[in-house]
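See structure below.
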Protein chains: 2
Amino acid sequence: MTGYQHSSRILVALDCIIFGFDGEALKLLLIKRNFDPEFGKWSLMGGFLNADEDLHDAATRILFTLTGLQNNYLEQLQTFGAVKRDPVERTISVVYYSLVNIDDQDPLALKTHNASWIDLSNKPRLIFDHDQMVEAALRQLRYKAALYPIGFELLPEKFTVPQLQKLYEAIYNVKLDRRNFSRKIMATELLMGTGEKDLTSVTKKGQLFKLNKEKYQDYLNGYQSFLPEFTELSLS
Amino acid sequence: MTGYQHSSRILVALDCIIFGFDGEALKLLLIKRNFDPEFGKWSLMGGFLNADEDLHDAATRILFTLTGLQNNYLEQLQTFGAVKRDPVERTISVVYYSLVNIDDQDPLALKTHNASWIDLSNKPRLIFDHDQMVEAALRQLRYKAALYPIGFELLPEKFTVPQLQKLYEAIYNVKLDRRNFSRKIMATELLMGTGEKDLTSVTKKGQLFKLNKEKYQDYLNGYQSFLPEFTELSLS
DNA sequence: CCAAAAGTGTTACATATACACCCATGC
DNA sequence: GCATGGGTGTATATGTAACACTTTTGG
């Protein structure tokens, strides 16, 4: 037997929600399409699954093509499969989301694909069901960032506590108390001081920290939860 | 244009993890395969996506075929897409999990498909990557049941608080304090007394409750979290 | 000297946990 | 009477939330 006899083969697409953070707002990397279909409209970065390619590898490839980045945080989100979601041909789309350091990408690749970083609050209407995809990704990011310290994936290697706080404020769209936040983050032992100070800030007083990779792995492996109180915020 | 020119069409399967609860243990509805491939081995219930069928509809159809049930809790989990996951032909599988009341199903449909309810703790080795699928489903169930009161989907319409407690003990594999559990559940206002008592229990003292459907919807819509302290348990 | 950013300390409140007692039923 | 299962109450600990003060730097 060389294959299943019944049933139809279907086109499998992948779409990628790419989150970034510029120090103030949460951003999305979006494409102003310079190709058909839906030429000229905004969409997520996407592509098709090849027959000889693992699903996750395909997502990695698509992310690499657009950003020049590999080894980023990349997680499968959900698969969208309404019959008419793509008017050209019946296509199901496996959606991934990724967290990247906005400073690390390849500007040429972005230019080639006509991609730009857009504030989440200014997101244009996207094609097909891409708006729903973004909505689902944001929900997942909020949930995940409450239980696991994945927010660091959006920051440069060295960062200050107030920068980290701004990131969480952007993710959950809330204002946080500086003192409580600092105390809780320090209690996680996830940060290692570098001795350096952040000279770009106004007062040059911010201490730069690095992530403690070992502790980080412990948290990712789930021996303990990260910021349980944020789970409530994931529900909104 | 009638379709995308490039890229290959791929077979899309669906597999379904069906959870039940018999009052003591969490159970899975599994198939002892009376068909090829992997005749005689255990697997999840599955099927293929038709070209003219929404993905979620296909999952509903497969669940219905096996259990005779519709309108159950059914949620997409994840898509498995390793190239060699199915040795017969390259197939990606979109996995759903479902919560059913174990008393409600159609015994004939079960018999036809050679299906039986198996304690999660006695799960046999399953074909392909189905073991991983079950593992992921259990993790998702634990997380979800901590934030949303979906556990009720596994119980009959009327149930006692101790029964509900046993369910949560089975899901999280822990022992809970009777008094604290009762107080917390009552505080949610999710339960409505029926006035009846559970005459099957030894002391006939257990009060039977029904779910307050409106409150239930509120929780599902996420205006408040359900049992935040359980999120910690989801991580193990 | 003042404004803005960053670092640290204290208190009150809510929530989770641990534990003790009483009641009803069947045997 | 007593074992079992089911219902209710209270003290403690832990963690979250609310709030005040000090220091440094640039203008």
Side-chain angles (χ1 to χ4, degrees), chain A residues 23-24 145-147 149 155 158-170 172 174-209 219 224-235, chain B residues 23-24 145-147 149 155 158-170 172 174-209 219 224-235:
Chain A
E24 291 297 329
L147 298 185
L155 291 175
K158 296 175 186 175
F159 52 86
T160 67
V161 172
Q163 277 168 20
L164 185 62
Q165 179 177 343
K166 285 207 165 161
L167 170 61
Y168 276 85
E169 291 179 335
Y172 294 100
V174 288
K175 273 279 159 207
L176 298 174
D177 184 286
R178 193 164 32 91
R179 307 159 273 224
N180 294 333
F181 184 81
S182 167
R183 183 163 0 97
K184 261 177 292 195
I185 292 296
M186 286 310 174
T188 64
E189 300 184 353
L190 275 164
L191 303 192
M192 298 192 309
T194 62
E196 300 169 62
K197 303 231 161 165
D198 177 19
L199 302 179
T200 69
S201 92
V202 182
T203 61
K204 305 189 168 141
K205 234 191 129 186
Q207 219 193 124
L208 284 168
F209 291 91
Y219 276 97
Q224 44 201 330
S225 172
F226 182 48
L227 298 172
E229 78 269 22
F230 279 55
T231 45
E232 289 285 337
L233 295 173
S234 314
L235 298 175
Chain B
E24 291 297 329
L147 298 184
L155 292 175
K158 296 175 185 174
F159 52 86
T160 65
V161 172
Q163 278 168 21
L164 185 63
Q165 180 178 339
K166 284 207 167 162
L167 171 61
Y168 276 87
E169 291 179 335
Y172 294 100
V174 288
K175 273 280 158 206
L176 298 174
D177 185 287
R178 194 164 32 92
R179 308 158 274 227
N180 294 334
F181 184 81
S182 167
R183 182 161 3 95
K184 261 177 293 192
I185 292 297
M186 287 309 174
T188 64
E189 298 182 355
L190 275 164
L191 302 191
M192 297 191 310
T194 63
E196 300 169 61
K197 303 232 160 164
D198 177 18
L199 301 179
T200 68
S201 91
V202 183
T203 61
K204 304 190 166 137
K205 236 191 128 186
Q207 220 192 125
L208 284 168
F209 291 90
Y219 275 97
Q224 44 201 329
S225 173
F226 182 46
L227 298 172
E229 78 268 22
F230 279 55
T231 43
E232 289 284 338
L233 296 174
S234 313
L235 298 175

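In what follows, chains carry the letters A, B, and so on, assigned in the order in which the sequence lines appear, proteins first and then strands, with residues in each chain numbered from 1.
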Checklist entry - Between C:dA6, D:dC19, D:dG5, which one does the side chain of A:Asn180 approach most closely? => result D:dC19
Checklist entry - Roughly, in whole Å, what's the span from CD in B:Glu169 to C1' in D:dG5? => result 14 Å
Next on the checklist: Over 60° means perpendicular and under 30° means parallel, so tell me whether B:Phe230 and B:Tyr172 are parallel, tilted or perpendicular.
Outcome noted: perpendicular
Checklist entry - Please give, in whole Å, the distance from D:dA13 C1' to B:Glu229 CD? => result 15 Å
Checklist entry - Please, which pairs that meet salt bridge (charged side-chain N to carboxylate O under 4.0 Å, His left out) have at least one residue in residues 188-199 of chain B, sequence neighbours excluded? => result B:Lys158-B:Glu196, B:Glu189-B:Lys215
Checklist entry - What's the CE-C1' distance between A:Met186 and C:dG9, to the nearest Å? => result 15 Å
Next on the checklist: What I'd like to find out is whether the side chain of A:Phe209 reaches to under 4.5 Å of the side chain of A:Gln163, using heavy atoms alone.
Outcome noted: no
Item to check | Side chain of A:Lys205 (C-beta onward), nearest among D:dG9, C:dG7, D:dT23 | outcome: D:dT23
Checklist entry - Could you state the CZ-P distance from A:Arg178 to C:dA5, rounded to the nearest angstrom? => result 10 Å
Next on the checklist: Among C:dC21, D:dT4, D:dT16, which nucleotide has an atom closest to any side-chain atom of A:Pro228?
Outcome noted: D:dT16
Item to check | Residue whose nearest DNA chain C nucleotide is more 5′ - A:Leu208 or B:Asp177 | outcome: A:Leu208
Item to check | Between P of D:dG7 and CD of B:Gln165, the distance in whole Å | outcome: 10 Å
Checklist entry - What is the distance from atom CD of B:Glu232 to atom OG1 of A:Thr231, rounded to the nearest 0.5 Å? => result 9.0 Å
Checklist entry - To the nearest angstrom, how far is B:Lys175 atom NZ from C:dA18 atom C1'? => result 17 Å
Checklist entry - Mapping B:Pro162 and B:Arg183 to their closest nucleotides on DNA chain D, which lands nearer the 5' end? => result B:Pro162
Next on the checklist: Rounded to whole Å, please give me the gap between CD in B:Gln163 and C1' in D:dG7.
Outcome noted: 16 Å
Checklist outcome for this item: To the nearest angstrom, the CD-C1' distance between A:Gln207 and D:dT23 comes to 14 Å
Next on the checklist: Let's see if you can work this out: which of C:dA20, C:dG26, C:dC19 has an atom nearest to the side-chain heavy atoms of B:Lys204?
Outcome noted: C:dG26
Next on the checklist: Between the base of C:dG7 and the side chain of A:Arg179, is there a donor and acceptor pair under 3.5 angstrom?
Outcome noted: no
Item to check | B:Phe226 and B:Tyr219 aromatic ring geometry - parallel, tilted or perpendicular at 30°/60° bounds | outcome: perpendicular
Checklist entry - Does a nitrogen or oxygen in the side chain of B:Lys184 sit under 4.0 Å from OP1 or OP2 of C:dT17? => result yes
